[in-house]
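We number each residue from 1, following the sequence as shown. Scope of the values below: all heavy atoms of this structure, side chains included, with no hydrogens, waters or symmetry mates.
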Amino acid sequence: MSSTLLRNSFIVVFFWAALLTVLGLSGFFADFSHLPPRVGLAVLIPLPIVLIVAFSRTGTEWLRQIPPQRLVYWQSFRILVEIMLWVNYMRGLIPVQMSFEGRNFDVLSGLLAIPVGYFCFVRKSWPRQIVVIYNILGLSLLLNILVISVLSMPTPLRYFHNEPANTLLGHFPYIFLPGLLVPLAYSLHILSLRQYFLRVPLVNK
């Protein structure tokens, strides 16, 4: 990554994390009286920035240089996220449908990340097209849990009425999950797909 893009990315992430912290501690995201829920803002605000970077000249050049398996490998962080959600379900802090014991299957994205990255780009024994399927699957699983999360919140949109309602993500430090980790997940998918369709030479490093 170019030094300018790296520096600017760290600056943006730092200030975004600081803003999430301030708003999280102030109770801004814990107010579920508005539609759409304010937590949704934390998920969606980074999206246009990611798209701009992905299709910018600097972002494109970076995608031409980075080994493609890395964008896939990094998705393995979602295993830890799902373990964290499961622990909070066991503690009675979130409803079952938000864990892998319920309707959240996002852990598959994390479990598949290493084999897909390795066999598609290192061993090259799997067709590269599998990475497209993987990214589409990962985005679908992410959308699934986001919808479940919203439908579990105490708003007029609530569909899942089992307790507890999904309010934990509106509090600090859990606001970092929708505000930082979810954007990281969809960013990696977007960047990986963008890289694939650039038809760059896939460097094996």
Side-chain angles (χ1 to χ4, degrees), residues 1-10 12-13 16 43-87 98-149 176-205:
M1 183 183 293
S2 71
S3 59
T4 301
L5 181 59
L6 181 62
R7 182 181 67 251
N8 291 343
S9 298
F10 276 126
V12 170
V13 171
W16 178 239
V43 175
L44 294 177
I45 286 177
L47 180 58
I49 299 174
V50 172
L51 292 173
I52 290 171
V53 171
F55 288 89
S56 68
R57 184 168 65 179
T58 303
T60 298
E61 288 304 312
W62 175 66
L63 288 174
R64 292 186 186 278
Q65 297 171 19
I66 186 171
Q69 64 267 24
R70 293 185 186 177
L71 295 175
V72 181
Y73 286 164
W74 291 337
Q75 293 282 10
S76 58
F77 84 91
R78 286 155 82 167
I79 298 173
L80 296 178
V81 173
E82 296 310 314
I83 291 174
M84 181 195 73
L85 287 174
W86 177 76
V87 168
M98 290 185 60
S99 74
F100 49 66
E101 287 197 29
R103 298 170 180 259
N104 182 1
F105 309 109
D106 195 55
V107 69
L108 293 174
S109 298
L111 293 173
L112 291 173
I114 300 300
V116 169
Y118 180 74
F119 287 107
C120 284
F121 302 118
V122 180
R123 286 287 300 273
K124 299 182 180 179
S125 57
W126 290 359
R128 292 174 180 171
Q129 292 84 347
I130 287 180
V131 79
V132 176
I133 298 172
Y134 168 77
N135 282 308
I136 293 173
L137 174 65
L139 286 170
S140 300
L141 291 174
L142 196 62
L143 180 61
N144 172 67
I145 185 54
L146 287 175
V147 171
I148 290 172
S149 177
F176 286 149
L177 197 160
L180 286 178
L181 299 181
V182 169
L184 174 59
Y186 67 62
S187 297
L188 290 172
H189 285 308
I190 291 170
L191 292 172
S192 181
L193 287 169
R194 168 68 171 151
Q195 184 188 60
Y196 177 86
F197 288 109
L198 282 171
R199 301 183 184 276
V200 299
L202 299 179
V203 182
N204 178 14
K205 292 185 179 180

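Side-chain contact between Phe121 and Arg128 is present, with at least one heavy-atom pair separated by less than 4.5 Å. Using a 4.5 Å heavy-atom threshold, the side chains of Ile190 and Leu47 count as touching. Looking at heavy atoms from C-beta onward, Phe77 lies in side-chain contact with Gln75 at the 4.5 angstrom threshold. The shortest side-chain heavy-atom distance between Ile45 and Trp16 falls under the 4.5 Å cut-off. Between Trp74 and Leu184 the shortest side-chain heavy-atom distance does not fall below 4.5 Å. Trp62 has its side chain out of reach of Val53: every pair of non-hydrogen atoms, C-beta onward, lies at least 4.5 Å apart. Within the 4.5 Å cutoff, the side chain of Phe55 has no heavy atoms near those of the Thr60 side chain.
Tyr196 places no side-chain N or O within donor-acceptor distance of the main-chain N or O of Pro68, the cut-off being under 3.5 Å. Panel note: side chain Gln195, backbone Leu71; no donor-acceptor pair is recorded below 3.5 Å. Proximity of a side-chain donor or acceptor of Asn104 to a complementary backbone N or O of Met98 within less than 3.5 Å is detected. In terms of modelled atom types and a separation under 3.5 Å, the side chain of Ser192 and the main chain of His189 share no donor-acceptor contact. A donor-acceptor pair under 3.5 Å is absent between the side-chain atoms of Arg78 and the main chain of Ser109, judged by distance alone.
Atoms OG and CG, from Ser76 and Leu112 in turn, are 11.5 Å apart once rounded to the nearest 0.5 Å. We find the CG-CZ distance between Leu137 and Phe105 to be 11.5 Å, quoted to the nearest 0.5 Å. Between atom CG of residue Leu80 and atom CG of residue Leu85 there is a gap of 11.0 Å, rounded to the nearest 0.5 Å. Put simply, CD on Gln69 and NZ on Lys124 are 9.0 Å apart, with the number rounded to the nearest 0.5 Å. Atoms OG and CG, on Ser187 and Leu180 in that order, are 10.5 Å from each other to the nearest 0.5 Å.
Nearest heavy atom pair, residue Leu181 against residue Val81, reads CD1-CG2, 3.7 Å. Smallest separation of non-hydrogen atoms from Ala113 and Tyr134: CB-OH, 3.5 Å. Considering every non-hydrogen atom in both Pro127 and Cys120, the closest pair reads O-SG, 3.5 Å. When all heavy atoms of Pro183 and Pro46 are compared, the pair lying nearest together is CG-CG, 3.8 Å.
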Considering only distance and modelled atom types, tabulate donor-acceptor pairs under 3.5 Å from the side chains of residues 138-147, sequence neighbours left out.
from, atom 1, to, atom 2, distance (Å)
Ser140, OG, Ile136, O, 2.8
Asn144, ND2, Arg103, O, 3.0

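Within the structure, no pair that satisfies the salt bridge (charged side-chain N to carboxylate O under 4.0 Å, His left out) test touches residues 131-144, not counting sequence neighbours.
Here Phe119 pairs with Trp126 under the ring pair (Phe, Tyr, Trp, His ring centres under 6.0 Å) rule; sequence neighbours left out.
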